[in-house]
Amino acid sequence: MQVKFPDVNLLALWPVIALVVTALVLLVVVVVRPRLEGAFYALLTLAGLAVALVLTLIQAGSTPISTFAGTWRTDDFAVFFTLVILAASILAVFLSEDWLRLHNVGQPEFYTVLLCGTVGMITSVSATDVMTLFLGIELMSVPTYLLTGFAKHERTSNEGAMKYFLLGAFSSAILLYGLVWAFGVTGSTNMDAIARFVANGGGESRPAILLALLLIITGLGFKVAAVPFHMWTPDAYQGAPTVVTAFMSVAGKAAAFGALVRLLTQAFPGLSGDWGPVLVVLSVITMLLGNIVAIVQNDVKRMLAYSAIGHTGFMLVGLSTWSPSNRFGAASVLFYAFMYVFMNMGAFGILAWLENHGGGTTLDHLDGLWSKAPAAATSLAVFLLGLMGFPLTAGLWTKVFVFQATAQAGYTWLGVLMLLISAVAAVFYLRVVVRMFMFEPKLAIASPSQPLMVIGLAVALIGTVGLFVLFTPVLEFAERAVGIGA
Amino acid sequence: MEDYIWVIPLAPLVAFLINFLFGKRLSGNGTAIIGIISVLISLVLSILVFTQVLGAGGEEALNFDLYEWIASGDFRVGIGFYVDRLAAIMLLVVTSVSLLVHIYSIGYMHGDPGQYRFFAYLPLFTFSMLMLVLSNNFLELYVFWEAVGLCSYLLIGFWYYKKSASDAAMKAFIVNRVGDFGFGLGVILLFLTFGTLAYEPIFERAGEGEIAGSALTLITLLLFTGSMGKSAQWPLHTWLPDAMEGPTPVSALIHAATMVTAGVYLVARANPLYDAAPGTLTVVAVIGVVTALIGATIGLVQNDIKRVMAYSTISQLGFMFFALGIGAYVSAIFHLFTHAFFKALLFLGAGSVMHGVGGETDMRRMGGLRKYMPQTFWTLTIGSLALAGVPPLAGFWSKDEILGLAFVEGHYVIWALGTLASFFTAFYITRLIALTFLGEPRFDTHQIHPHESPATMTVPLWILAILSIVTGLALGIPPEAGPIHSFLEPVFAHHEVGGVAGEAQHAGGFTPMTIALMLTATAVSLLGIALAYLMYVRRLPALDPQVLAGRFAGVYKMLYNKYYFDEIYNALIVRPSRALGDGLWRFDARVVDGAVNGVAEGVSDTSGALRRAQTGFVGNYALAIGVGLVGLLAAIAFL
């Protein structure tokens, strides 16, 4: 019998291979030398991620590569999200190392799981076949469950992980069900083939296609934490170690958005008239709920969890305006995801920094931080202003371009609503700033040395402020990635 | 030149960052040295730029974008550089004066607790000013126009704990806002008219006559309001005298030599636009001559040494503007160049005097300082003679050119008024020297022991004094055709109307006409000096200042109170604005705040209610997902 392998172009996979190899090397090193002093594991992980980053940057300029019989495509879109995910992973290593060291938690295991999750995320955004996409989503989800429960002696961490896992399994089932419906109706798992089938609205099978679409939106809506599929988010984000929250709130969300944008705009472009309004509804309730509930939180970590839900809403606004003739909405989502890396990881990073100092994450803990740790207080203020969309931070442009997308698509009211809700969000962001700068300190903090943490936070800070000035290349890349001007 | 031009502004920026972030930990002299080194780098490179521009023949300006900052549809703006001969000469002025002021400040600011702040802001200003003159588009220009304004604000209010200083800073900022608002509108209108903000295409198309004259007139008028604010031209001149609350080196650098000349630079830079709008040029000339007279007459009777100089600056800027208004761009820049040196010299000299007598600025409590601080006396005298327009010092050549051109071009009224202003100039500056250095001490010699300033302060004075002597001789001979003209001609040579084209026809040089005008100007200056000498040094009974003040009490009081401009603005603008603000505040407190608080309470209640939905039970969460899915299905099925 002659076995015919599909054509495999390894060129497209180099970054992923680099990450997998690093993860395996880590596992081997653990067996041989289980307790290495210093930041060896972190540096090894960083080296692997750096190699992957360089390889991805090399791919950025070249022509799209489609491989594995059309199930994987390394194009500008995939490269853009891969860069976002790798940036988040690299920052995550910087932020995590000191926490792992201070809590004496297994570093090599942590990094192995982190790298596996990163591979899953890259797979999700590179897939052009719905089965590969599902594979990527699962490969991303399982490590994330593990990381959420990584502080295994803490009850909240276990609780968050368990809830996240149960609901994640539930939503994966819904997503898979939707994908199966899509396959059943169209007879293909390939996105291009599905797109050809639904080009005219689906004909007789339209109701079945719409059912598939809704199931998919629900399944991925869970992953991006859209209301009403968001319930896991506050518990998992609060329960997880803060450094993990920082990672999954950014990288996991970016990957899920990448998969959602890819599916909706490449498999179901002909139905944008149907899924657009659905996303409008979801975006409005997501923005409202996330930002309003954030107001009454006393724990800044939980507040940021709700704020993350709110940001999902803002990004959904951008995506909902997409249509084959007006693709800027998708570009605004990509742009948003990129800028969000630095601001959100920075904000969570400062909280992790405080926790490492023996502090907590409630507003009381932040009182008077300015007088005790001026650099930390200033940085957190910058990150929060960025999340708010304040000028002089990259956050301004995220809101501006989502607004531009709504204006171009004739959804100006939605853009205005978004800006109004952003103004509401200022209430809870600024409250933190006020407590830090204008209140008397209540609690003392210890000062262990956190060298890698400081580097990570500095990078996030430079990104948040620097990208305010140098945003143009990112925007142009995002536009190219979604096929504007191609 | 492209390889290193960006270092010129970058060096002071780096110095600013170092001094601002780490200055507290450095010693005072450490911050000063960092500042000095950075500006020295800029100066050396500026000289290099100058020689290269000189060698290039002056045809092609270097114009390139370092980075494209905004690219949104047709709206493209970069951060770029535009280096031609005008920019090269401005670079020299800014970096050389800035360097001398930095050196001088070592002595002047010695021991001030805010020293590191001072040596952070000064390089920041230098950076902003260099970027301003190097900009290659109007938005970049506008950004750095605001940036120099910000530095000016920070430095006027440097001693912010003094109420007068913080008030003066606020006043400078608000008055400049008025001008900048017009400037901003002008930039927007430029974009709407030309579809770009870059210099080159705008200047090319402005000369082609395709743009309506009315649009160009409006644009240039709006841009000119910006110039009026920044260069303290009547009626926006009132902030500059108050700005003297800042440290004296700041007054020398920002409020005499560089920033206040940005308005002149703007008009000169945009000369193709102004040439296409002759109506605006007339306005510029009138405003300039009015300001020259107002400044010079107020300066006659003020008693504060720095305020006299401030009004002198206003008046001299007026000279530059009316030169621009009659199309004598080169002469205006020439005067800007010489004025930068001799006015910086005067201010630094005044600072030296204040340093010597313990911070006193009232000339009525000075006198006889010549024997205590001879170096300051001699350098300040050189600066004064240059300002008064005594040959062969720098001010003579540049001012004489302006007045001479006004006469030759047939603007006799402007010539007459300008000559009158220069008579007053000679008078008030001689009065200043007489009251400060000559006669008997009018202070308590037992309490105050005046002393000469340290070398870090006197050496910059001497360098500036030498520059005040030689720049005119080197650049201004023969009149209206000196080296400065052949150097700057390419910048202004493209246009046909009036001004320089006419200038080229009569070609300057030592003609009988110019010699006659030069003699007239010299005579007027000497007359002013002689009158002041007789009044304040020889103290002729017939010319006793107090008797004269009593006889012309009306005029004297009007001048002493600066034509009541502050009082008029106070009554017409400040008080009504404050009343309006109070009214709006009441409306805000009752109506708007009430509504906002209501909304906030509503949101807070909703927020609390929604929080209770987060029960913590996984089953409830799964149910929510299911309900959401069914809700979406229902929505799509029934809608």
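Just so you know, these numbers come straight off a predicted model, no measurement behind them. Here is how names work: the chains are called A, B, and so on, in the same order as the sequence lines, proteins then strands, and each is numbered from 1.
- Shown here for Ile625(B) and Phe229(A), the closest heavy-atom pair between the two residues is O-CE2, 3.6 Å.
- The 12-atom threshold is exceeded at OH of Tyr4(B), counting heavy atoms of other residues, nucleotides or ligands nearer than 6.0 Å.
- For a residue to count as touching a neighbouring chain, one of its non-hydrogen atoms must lie under 4.5 Å from one of that chain's; by this rule Leu214(A) touches chain B with backbone and side chain alike.
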Check against side-chain contact (heavy atoms from CB on, under 4.5 Å), Leu629(B) and Ile217(A): CA-CA 9 Å; Leu629(B) 176 60; Ile217(A) 290 178; over 6 Å; no

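- When Leu215(A), Ile292(A), Val296(A) are compared by the number of non-hydrogen pairs under 4.5 Å with chain B, Val296(A) comes out ahead.
- The side chain to side chain contact (heavy atoms under 4.5 Å, CB included) check on Ser307(A) picks up Leu304(A), His311(A), Phe428(A), Tyr429(A), with sequence neighbours excluded.
- Only the side chain of Phe170(A) comes within contact range of chain B, with heavy atoms under 4.5 Å apart.
- The residue among Ser171(A), Pro207(A), Pro234(A) with the most heavy atom pairs within less than 4.5 Å of chain B is Pro234(A).
- Heavy-atom minimum distance, Tyr621(B) versus Trp232(A): CD2-N, 4.1 Å.
- The candidate from Val278(A), Val424(A), Leu470(A) with the greatest count of non-hydrogen atom pairs under 4.5 Å with chain B is Leu470(A).
- For chain B, the nearby parts of Val469(A) are the backbone and the side chain; heavy atoms of each come within less than 4.5 Å.
- For OH of Tyr199(B), the number of neighbouring non-hydrogen atoms (other residues, nucleotides, ligands) closer than 6.0 Å is greater than 12.
- Nearest heavy atoms, Pro228(A) versus Gly628(B): CG-CA, 3.5 Å.
- Open room surrounds CH2 on Trp181(A); 12 or fewer heavy atoms of other groups in view lie less than 6.0 Å from it.
- Within 6.0 Å of the CZ atom in Phe20(B), the count of heavy atoms belonging to other residues, nucleotides or ligands does not exceed 12.
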